[in-house]
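Let me begin by presenting the structure, written as structure tokens, before commenting on it.
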Amino acid sequence: MRRSLHPLGWVWLWVLHLPPAAGKAVDVAHYRERVKSMFYHAYDNYLENAFPYDELRPLTCDGQDTWGSFSLTLIDALDTLLILGNISEFQRVVSVLQEGVNFDIDVNASVFETNIRVVGGLLSAHLLSKKAGVEVEAGWPCSGPLLRMAQDAARKLLPAFQTPTGMPYGTVNLLHGVNPGETPITCTAGIGTFILEFATLSHLTGDPVFEDVARKALKTLWKNRSDIGLVGNHVDVVTAKWVAQDAGIGAGVDSYFEYLVKGAILLQDEELMSMFLDYNKAIKNYTKFDDWYLWVQMYKGTVSMPVFQSLEAYWPGLQSLIGDIDSAMRTLLNYYTVWKQFGGLPEFYNIPQGYTVEKREGYPLRPELIESAMYLYRATGDPTLLELGRDVVEAIEKICKVECGFATIKDLRDHRLDNRMESFFLAETVKYLYLLFDPENFIHNNGSSFDIVLTPSGECILGAGGYIFNTEAHPIDPAALHCCRKQKEEQWEVEDLMQEFYSFKRSKKFNFARTSDQREESSQKDSTDSSPENCKEQISSKRKEKRRTPLLSCPTQPFSSKLAVLGQVFFDNT
């Protein structure tokens, strides 16, 4: 039986004088330049009024530290500079960050935010350095100052993962580790949003600890899903008990689902994709109503909150990556009508009532709607998505632009402003807008051009397209993960040989307790199978078997999905 919502009674409050006439094509070049001007108005004011603080306060023209005192906006904006074509400023900022950013500080930092903004931003800038004309050191991309900075930052986060479940605490002190009184309650996204950055670190540096802890956290979440296949949005990382049992696709959960899909594509990982597809079935069965997604009780599937959250607007873009284009477009158009109603997406929107939710009326310049529009425009070329981008530019400039940057909207009902410009405005919102209006950008490369670099493992192809954006819109080149593979495999081989050696010693100890016949039989076996040469051959054979060609890799793909040129995954029903 199909379930329906009450018809929406739209109240059109927002009137904007949009320049294009109805039916007239959007001038892509014009809006591309408008977006670039938006970026520099915000960026220049940050440098002039807020640096070296984390964020600009646009109404008072000063700065504040918010997530850890990292000059966060500078790190977050770095790869956007290159995407806009500003090579010289990219190079200057790289030097500034190397000289000025220090992670040995007595600061309590969000594990989640530090990972997606700082680690992700530094990794992306590291991988884009050569394209930006930075003189890279020998061994790049397997080494480099920005990579070492990213590794230092990530290492400061590792104590948070030292829990009985492997799920991380939400906050860590960068100097002292997890505070003794730290709450064990963490949101699901704060647990499942590490695999992109941490796996990239492991592949580039040869240190498996980062990918290992990220995978363990993902698997623990998967293990603790409900019987109907859903996860709540807050869990106790010590006991694995669900504290908040609301299940949905928005705040507290969102990037967990995002990283299962993107992690599967980046790492060619069948298991991660299988997890997401199972979640996707449960989400459709229990939370989807007429192309809207509600919140339900994770064990029963009964509706707990009939609301749309602005953070959920990433979902159509994610759906496009698995080839569910029609459903994604219908949902995105629902979200677009909410934008047109208010000139922004409220944090919470009551779907049956068609209006904002009390104390959740603000719009902090979030990127998710335009993110999905960019993905779907690449997939479909639908001009409606350019109109959406045009409306976003016009609204932000009309409502949010102030003398010292762009201000958060505190209340969409009357467009009152708040004194904050989060770093994601330059990392994500402006970047996705620019890429929507810049079809020739190198990020959209279809593989027709690429760079060949010499690494310690031989020649490596980079920059051929298919970038994977982390949840802060920092692009990662999947090809780079293969550049340092030989170096990593040699480390794995050494580790396995050591494990085999200790295992061999233990078996010899145990051998003394056996009967003489058993010892003789075992001794013969050891003499044939346990010589160092044979051990190495066996381990190498096992490693090759374990690390065989990934199931999602080209040209042969036994897994039930295929990667298209634009980064979408389509199912093979044959």
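What you see is a predicted model, and the numbers here were worked out from it, not measured in a lab.
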Can you tell whether the side chains of Glu422 and Arg117 come within less than 4.0 Å, N to carboxylate O? yes
Would you call Asp291 and Arg330 a salt bridge, taking side-chain N to carboxylate O under 4.0 Å as the test? yes
So, taking the atom named CD in Glu368 and the one named CG in Leu318, what distance separates them when rounded to the nearest 0.5 Å? 12.0 Å
Does Lys340 make a cation-pi contact with Tyr336, if we ask for NZ or CZ under 6.0 Å from the ring centre and within 45° of the axis? yes
Between Arg155 and Asp207, does at least one N-O distance fall below 4.0 Å, as a salt bridge requires? yes
Does Asp269 come within less than 4.0 Å of Arg215, counting only side-chain N to carboxylate O? yes
Between Glu137 and Arg148, is the closest basic N to carboxylate O distance under 4.0 Å? yes
When you check the gap from the basic side-chain N to the acidic O, do Glu428 and Lys431 get nearer than 4.0 Å? no
Is it true that the side chains of Asp62 and Tyr53 contain a donor and an acceptor less than 3.5 Å apart? no
With the side chain counted from C-beta on, respond yes when Glu347 and Pro364 share a heavy-atom pair under 4.5 Å apart, and no when they do not. yes
Taking all atoms of both residues into account, what is the closest heavy-atom pair of Ile325 and Ala379, and its distance? CD1-CB, 3.9 Å
Cation over ring, Arg32 on Phe437, under 6.0 Å and within 45°? no
Do Lys36's NZ or CZ and the ring of Tyr434 fall within the cation-pi criteria of under 6.0 Å and 45°? no
Kindly compute the distance separating CG (Asp104) from CG (Leu174), expressed to the nearest 0.5 Å. 8.5 Å
Between Glu197 and His474, is any side-chain donor less than 3.5 angstrom from a side-chain acceptor? no
Rounded to the nearest 0.5 Å, what's the gap from OG1 on Thr73 to CG on Asn45? Could you check? 12.0 Å
Please determine if Arg390 and Asp27 form a salt bridge, counting it only when a charged side-chain N lies under 4.0 Å from a carboxylate O. no
Kindly assign one of parallel, tilted or perpendicular to the pair Phe469 and Tyr375, based on the angle between their ring planes and the thresholds 30° and 60°. perpendicular
Can a donor-acceptor pair be found between the side chains of Ser327 and Gln319 at a distance below 3.5 Å? no
Quick one: does Asn470's side chain have a donor or acceptor within less than 3.5 Å of a partner on Pro475's backbone? no
Between CG of Leu78 and CG of Leu128, what distance do you get to the nearest 0.5 Å? 8.5 Å
